[in-house]
Each structure stands twice: as C-alpha cells, then as structure tokens.
2 protein chains.
Amino acid sequence: MKKTCAHHHHEKKQELASLTGRLRRESRKITGPRAAILEILRHHPHPLTNKEIFAELPKGECDLVTIYRAMQMLEKLGMVKRFDFGDGTARFELVGEGDDGHHHHLICTRCTGVVEIDECFPEEIERRIARANRFTGVTHRLEFFGVCPDCQK
Amino acid sequence: MKKTCAHHHHEKKQELASLTGRLRRESRKITGPRAAILEILRHHPHPLTNKEIFAELPKGECDLVTIYRAMQMLEKLGMVKRFDFGDGTARFELVGEGDDGHHHHLICTRCTGVVEIDECFPEEIERRIARANRFTGVTHRLEFFGVCPDCQK
DNA sequence: AAATCAGTTGCAAATGGTTTGCAATTAAAA
DNA sequence: TTTTAATTGCAAACCATTTGCAACTGATTT
Ligand SMILES: [Mn+2]
Ligand SMILES: [Mn+2]
Ligand SMILES: [Zn+2]
Ligand SMILES: [Zn+2]
C-alpha cells in the first residue's frame, strides 16, 4: 500500500532495455509496436492518450487497437499508470520499477497543459476518513484544475 | 470561488417548489419529466447516473435522452453537480441554492457503495500549488476508494 | 536452421455512454 | 384561446474502448 507521492517525475528516464526486460520477464513479446510505444512514453513526462501515442507513431507503424491493447497490458503489469482528467479519455504515464505511480497533476482548463504535482492528499486525513467509515485499503484519485500563466491574459 | 466543502449533505432536503422556482426564473418549463427527475434527485443523498434515474422513473415517464438533456441543463444552471467516479459514467447530485456543490466521496470498489465526505483538500496546500505554478482559479477533483465494512469479509 | 506454439496483430464489428437532428408536442405568456 | 419558444421522443450519429477472429511472428525447442 505504498503511496509516497514522491517526485516520480524527477526519476531519470528509464532505459528501453529495462522496460523490455520487464516484458520478457512476464513472457511478453517485444514487438515493433510495443518498442515504439515504450519509446514514446519514455520521452514524455506527462500522461498521453492512446490517440496521442498513435499520432506520435510513424504512420502505419501500428493500429490504434494495438495501442489500446498494449496500454491495457502495460497497466496490468504495473508499467504504466492510468490517469483520468475527467474528459472521458484515458491517459497513460510510464511508471518506474517498484513505484506504484501514484501522483497528481495540475491541468490548465484552457490549453490542457499539464504540470506534474508532488503534493499528495495528507495521509493523516485519509487515515481518519478510512477509520471513521471503517473502510480498508483507502486511496484516492486527485487532480487540480486552473488557468496556466500563458492562458491568463 | 467559494469552496467550503462543508456538510452539503447535512442540508435539509430542498423543497420541490424551490427547485421548480429556480427553473421558472430561468424561463425553463416545468414538465412532467423534469418534475419527476427532480423528485428523484431530491430523495437521493448520493450521486446518481442517468440510467439509475431512468430506472427509478415510472416506466414510460420519459425517454433516457430527456434525462441526459435535463441533467445538462440542470448542471448549466448550477442545480446539480456532476461527479466522476472513474468508471466512465457521469453521476449527478442535487446542489443547494447558493452552494457550488464542491465535495468528495468515499467509494467501495467492491459494491460501489458511496459515503459522502466532509473533508476537502487543504486550502493552504492548494494555494501553494497554484502559486508555485502561477496558476489562477485552481480547484480540484478528488474521490476516495477503498473497501467498505460489509465487503471486507 | 527449421519447426513449434503461445502471444500478438490488424481489421471489422460490437459496445456503452453521450450527443444531435428533426418533426411533433406542450407549457406558459399574451 | 392563440401564440411561440421550449421541450420531447425517436432514430441516428459520435467517440472512446473492447472484442472476435484469422493471419502472423517472436521466442523457444528440436
Ligand atoms: Mn504525471
Ligand atoms: Mn455527494
Ligand atoms: Zn495522492
Ligand atoms: Zn475539495
């Protein structure tokens, strides 16, 4: 139940080899599409939609459906984390080994720019909420919204 | 920009007359479907999906599409607040007059039971996040997830 | 290097929530 | 009662995501 909200994005970019290693270990094949997808995720510090990944891919490299399937698989293996900015489109971000990827974002409602956030919902308060309602395994989903400096004027 | 996260659900149930009054004031018609929908929302302390509202309605009372349109309208008038539990289905809760409806929930991941939560993300921290990134009008979307007492064993 | 086989892919079709076009209907104002 | 703008139902469109399936391919075994 680790949830350290701690500077995930300061982690150095993961080696592609380390990523494919994780796949191999789970007896998943390293295919062209997958390598390409991981390569794109590796170079993006913010969550990407499947369509955005698709757009970055050299045209014809792979089908959109393949990306959907890859993200599902990577999520199940804990290699990417799914985020929901409330616009009905899933976004994915690469997660470091041993990290659960829990963190939050500040999103500009004008330009949809994204800032990675280090702060997390205070643990004591969350514990209090859990205890008060006798819930176990409590976690949270949290995103911030506002207007970024560029969009303010 | 009020965001008092304060005991919305302790508010006494709104009178139907007050609700229809708000509609009238905006030159919206009080129709059978709308009255029925408001009546259902009025009696439910937790967010409802359009389908759930539809199911509560006496069969044939109105079309599902009418509910979608009603909720859109009520949201625009600030009479209901839209919530997103991350399952791709919008949920709506009635909001008191003058209230912006901002609050949070604790959701059981097993039975999807919902608990209304009074706590909010600490204002000082949110202000710090806003200032640190020079964002204005910052707010947040926050929901808690866990396993409720009934589902624990 | 060839055979093997589970995992993977593309394409088309299905899904599920939500929105839209439009003609018929109706609440509320005149 | 007449008038008129708002509302409704129904069918179809939309959009993100999933699924079925036959063809294909990476990795492992002969
Ligand atoms: Mn992030
Ligand atoms: Mn609520
Ligand atoms: Zn957190
Ligand atoms: Zn809050």
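Numbers restart at 1 for each chain; the letters A, B, ... are given by sequence-line order, proteins then strands.
Side-chain atoms of A/His46 and A/Glu52 form no donor-acceptor pair, as typed in the model, at a separation below 3.5 Å.
Atom-to-atom, CD of A/Gln72 to P of D/dT19 comes out at 7 Å; the value is rounded to the nearest Å. In this structure, NZ of B/Lys51 is placed 8 Å from P of C/dG16, rounded to the nearest angstrom.
Heavy atoms of B/Glu61 sit under 4.0 angstrom from primed sugar atoms or phosphate atoms, though from no base atom.
Within the 4.5 Å cutoff, no side-chain heavy atoms of A/Arg28 are placed close to those of A/Met79. Two residues are said to be in side-chain contact when any heavy atoms from C-beta on lie closer than 4.5 Å; B/Phe85 and B/Thr112 fail this criterion. Side-chain contact between B/His105 and B/Glu116 is present, with heavy atoms from C-beta onward closer than 4.5 Å.
Between B/Arg69 and B/Ser27, the residue whose closest nucleotide on DNA chain D is further toward the 5' end is B/Ser27. Nearer to the 5' terminus of DNA chain C, by closest-nucleotide assignment, is the contact made by A/Leu64 (compared with the other of A/Leu64 and B/Tyr68).
Contacts of residues 28-44 of chain B with DNA chain C (heavy atom under 4.0 Å): B/Lys29, B/Ile30.
Ring-centre distance between B/Phe144 and A/Phe135: not below the 6.0 Å cut-off.
Nearest nucleotide to the B/Cys62 side chain, out of D/dG9, D/dT17, D/dT19: D/dG9.
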- Task: Give DNA chain D the dot-bracket treatment, 5' to 3': Watson-Crick (N1-N3 with N6-O4 or O6-N4) or G-U (N1-O2, O6-N3) under 3.5 Å, [ ] crossing, | other strand.
- Result: ||||||||||||||||||||||||||||||
